[in-house]
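Right, one structure below, let's go through it.
Counting convention: from 1, in listed order, for ligands and their atoms alike. Numbers for residues simply follow the sequence, beginning at 1.
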Amino acid sequence: MRDPRYDILFEPVAIGPVVAKNRFYQVPHCNGGGYRDPSAAAEMRGVKAEGGWGVIFTEQTEMHHSSEITPFIELRLWEDADIPAIARMAERMKTHGALAGIQLAYSGINGPNLYTKEVPLAPTALPIRTFTNDPVQARAMDKADIRDLRRWFVNAAKRSQSAGFDLICLYGAHGFGIFQHFLSRATNQRSDEYGGSLENRSRFVREVVADLRHAVGDRMALTLRVSLDETIGSLGFSNAELRDFIAMNADLPDLWDLAHGTWEDCSGPSRFKEEAAQEALVRGLRDLTTKPVVGVGRFTSPDVMVRMVRSGTLDFIGCARPSIADPFLPRKIEEGRIEDIRECIGCNICISSWHDGVWVRCTQNPTAGEEWRRGWHPEILRRDDEDSALVVGGGPAGLEAALTLARRGFQVTLAERARDFGGRLLWESRLPGLRQWFRVIDYRLGQLRKMANVSLHAESPMTASDIRDFGAEHTVIATGARWTTALCGANEIPAGRLDGPRTFTPDEIAAGAEVEGPVAVFDFDNYYMGSAIAEALALGGYDVTYVTSAGGAQAWGIMTNEQPLVHQAFARAGIACRTMEIVTGFDGKTLELAQIFSGERRQIAARSLVIVGQRAGGSTLYDELVADGPASVVLTGDARAPGAIAHAVYQAHRTARELAAGSDALRVRRDAPFAMRDIEPFGRAAE
Ligand code: SF4
């Protein structure tokens with residue numbers, strides 16, 4: 001039963017002409033599939049409806065062909081032919097009484113139009129703002145362009161209505177939507193009635209809202225997603241100016257949707273941003289309007305959610321990542337199953353997926369994005385087998401394999417060699433900022449400990465003969481991987497080894513290696529380990545130099561929104577950062593470096609070197625078992641192929657789903673390619 005403390009989260013709240021059944025509001029978020037995979041996108045949102053969300057939004061929907069953000073894959077609503085695909089999504093969203101929302105996006109200064117080759121339109125003629133620094137400039141919109149854009153919004157709104165949506169979100173946050181581009185001095189340098197004063201910069205959004213109210217406002221709610229702060233003070237749209245804007249336009253939308261002014265700030269990783277990190281920027285805004293307010297903050301704690309509502313900060317609890325990690329979050333709170341919530345760890349692997357234009361991947365929820373493609377439900381597994389299974393290894397992969405097998409009905413025994421379960425996360429979660437990552441272990445262990453068909457054994461090393469004697473019908477080996485000092489011979493890194501004294505791997509640092517300073521960290525793994533070790537050593541009092549062949553620290557961190565924050569952490573900790581260099585020699589006193597393009601060499605003092613490069617998987621235990629006969633034995637997780645924790649969890653989940661399940665479990669569904677048909681040339685579509 002629901003704890004009465006959380007009753008307030010389940011109150012219905014009106015948004016203009018519609019009513020949300022509760023305060024759980026899945027804000028618009030990308031998924032990496034968009035227009036390419038409409039069936040998978042619809043099912044992913046449908047599972048959230050089943051999980052109890054009161055409001056569910058699409059990702060950003062490109063509402064006209066003159067503004068698109070290829071190579072990122074979002075939804076498209078360019079013409080009537082696009083309606084059926086998104087109508088299916090609206091239908092799935094509404095299956096359990098949720099309101100269905102569509103976010104209409106015109107990307108303006110963010111849309112390079114690489115696919116359509118249209119000249120981008122923006123309030124002011126400026127270089128396009130993209131991650132890839134495309135050499136494209138926008139043309140400044142003249143009055144006719146502004147009239148056209150207003151008409152395109154009306155057409156998109158009418159299409160949204162005919163597709164069955166209840167709400168329209170006008171996108172003007174994260175630096176990505178045209179409404180922000182008009183509101184911000186940084187992107188609006190016009191001298192006409194659309195530029196200059198805040199009132200003038202507000203004109204375009206007021207006009208569009210008035211147009212849409214006239215067109216669809218009797219049955220659809222209009223929400224406005226605005227930037228909380230562009231963090232460039234008076235050069236852009238500041239939090240102070242947002243407060244003036246809301247005070248001037250208090251009742252403009254039916255709901256104020258508050259998100260940060262930059263993408264990186266809004267979806268910050270837990271390593272650097274706590275839950276409810278935007279609270280200070282949001283506080284007090286609700287007093288400026290009679291309309292409800294939604295805000296985000298990677299909310300996973302129902303107590304924090306209640307505090308947000310009771311303090312008058314928010315009316316709706318906006319969630320993107322927490323809804324991916326656990327689509328059933330509202331339902332679990334409602335059913336009093338708080339301990340069953342699969343809490344988001346804030347790693348931002350999901351965000352890397354849509355930066356890559358591939359289906360969302362989640363460290364905590366391996367079924368994310370696979371609801372339709374593989375038919376994986378996050379909560380329900382076929383209980384189709386009562387075989388026995390022995391899982392060897394109690395890290396993220398072993399725990400996930402054990403949990404999934406147990407849910408399938410297997411009699412599961414989990415054997416872990418160490419004193420504690422947790423594998424790599426026992427140490428990694430103690431690195432600076434990574435504490436919340438241990439939720440991967442806590443959630444799985446907590447679930448396993450409640451199951452009668454599970455037996456957990458720590459301090460239980462297993463040999464091949466132990467496993468044979470144990471006699472389980474299936475054995476899953478998930479014994480992880482180990483870091484090596486080998487150089488990889490790729491990506492500018494030479495092959496070979498650096499074998500000076502005090503040359504350590506991350507595993508040796510974890511085991512308490514005797515490091516002498518100054519210390520250098522040579523990172524060609526490019527994910528969090530190199531930068532996190534550098535930070536840990538610096539915080540431990542060492543003089544640290546971080547070396548990478550890439551152009552920035554933790555190069556892959558650009559995909560998880562971490563990279564700028566890593567550089568800021570380095571500056572705080574006094575870590576010297578040497579980019580586009582490789583280590584070519586180390587003798588225990590001196591580190592020799594070479595610039596990757598010019599070959600120019602230099603030397604710096606270093607008494608210890610930590611190489612964060614590659615890991616070796618494999619398992620001699622597995623090899624022995626396989627060599628001995630046809631018994632069912634599977635290698636999974638990092639032992640099969642080292643990767644991020646998300647990869648290990650996904651592999652283990654798949655292993656456990658498919659164990660003894662037959663070959664059809666391997667099928668992945670995909671939508672048929674977009675139907676071939678005659679299409680009007682761009683610009684001549686019936687508008
Ligand atoms: Fe949260 Fe990480 Fe999952 Fe994203 S990938 S939803 S940040 S746990």
Side-chain angles (χ1 to χ4, degrees), residues 24 26-33 44-45 47-48 51 53 56-57 59 259-260 263-278 296-301 304 317-330 332 340-356 358-371 376 378-379 396-397 399-400 403 424-425 428-429 431 433-444 446-447 527-528 532 554 556-563 565 643-653:
F24 293 93
Q26 182 248 277
V27 291
H29 73 73
C30 307
N31 53 56
M44 183 263 289
R45 306 289 181 192
V47 165
K48 294 191 194 202
W53 297 86
I56 302 172
F57 263 91
E59 61 270 50
H260 222 305
W263 174 226
E264 295 80 6
D265 281 325
C266 202
S267 290
S270 62
R271 188 173 164 192
F272 300 107
K273 306 259 184 191
E274 289 296 329
E275 184 173 357
Q278 295 170 27
V296 293
R298 201 166 25 78
F299 297 115
T300 57
S301 157
V304 174
I317 304 302
C319 295
R321 288 170 290 175
S323 76
I324 296 169
D326 197 336
F328 276 60
L329 189 153
K332 289 176 181 175
D340 291 341
I341 295 172
R342 207 167 32 240
E343 290 183 290
C344 169
I345 69 167
C347 61
N348 284 1
I349 284 288
C350 50
I351 287 167
S352 76
S353 307
W354 44 87
H355 287 166
D356 274 328
V358 296
W359 256 102
V360 62
R361 188 192 279 274
C362 173
T363 301
Q364 274 286 55
N365 176 13
T367 69
E370 306 299 339
E371 301 87 349
W376 289 358
E379 300 296 317
L399 290 169
E400 176 62 27
L403 180 57
R424 60 191 281 190
L425 275 169
E428 290 183 17
S429 63
L431 288 168
L434 299 186
R435 177 178 43 85
Q436 289 186 19
W437 288 28
F438 205 71
R439 290 173 172 182
V440 172
I441 306 303
D442 282 339
Y443 165 72
R444 287 166 177 80
Q447 298 295 301
Y527 192 22
Y528 60 91
Q554 192 182 317
W556 196 71
I558 194 85
M559 307 298 279
T560 54
N561 290 353
E562 284 172 277
Q563 195 180 56
L565 299 164
I645 296 166
H647 300 118
V649 169
Y650 177 86
Q651 273 303 328
H653 185 84

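Screening R321, K48, K332 against D326 for a side chain to side chain donor-acceptor pair (under 3.5 Å) leaves a single residue, K332.
Per-residue contacts place I345 under 4.0 angstrom from the following atoms of ligand 1 (heavy atoms of the residue considered): 1 (Fe), 8 (S). Near G346, the atoms of ligand 1 lying under 4.0 angstrom from a non-hydrogen atom of the residue are 1 (Fe), 7 (S). Residue contact check: T363 has heavy atoms under 4.0 Å from atoms 3 (Fe), 5 (S) of ligand 1.
Atom CG of residue L434 and atom CZ of residue R271 lie 6.0 Å apart, to the nearest 0.5 angstrom.
Nearest non-hydrogen protein atom to atom 2 (Fe) of ligand 1 is C347 SG, 2.4 Å. For atom 6 (S) of ligand 1, the nearest non-hydrogen atom of the protein is R321 O, 3.3 Å. The shortest contact between atom 7 (S) of ligand 1 and any protein heavy atom is with N348 N, 3.1 Å. Of the protein's non-hydrogen atoms, the one nearest atom 5 (S) of ligand 1 is C350 N, 3.3 Å.
Here the side chains of C347 and R439 are not in contact, with every heavy-atom distance at 4.5 Å or above.
Classification of the H355-W263 ring pair by plane angle, with boundaries at 30° and 60°, yields perpendicular.
Put simply, C362 gets within reach of atom 3 (Fe) of ligand 1, with an N, O or S atom under 2.8 Å from it. In summary, an N, O or S atom of C344 is located under 2.8 Å from atom 1 (Fe) of ligand 1.
Note: F328 and W53 fail the aromatic proximity criterion, with ring centroids not under 6.0 Å apart.
Contact check on R435 versus E274 returns a salt bridge, with a Lys/Arg side-chain nitrogen under 4.0 Å from an Asp/Glu carboxylate oxygen.
In this structure, a donor-acceptor pair under 3.5 Å is present between the side chains of Q436 and R298.
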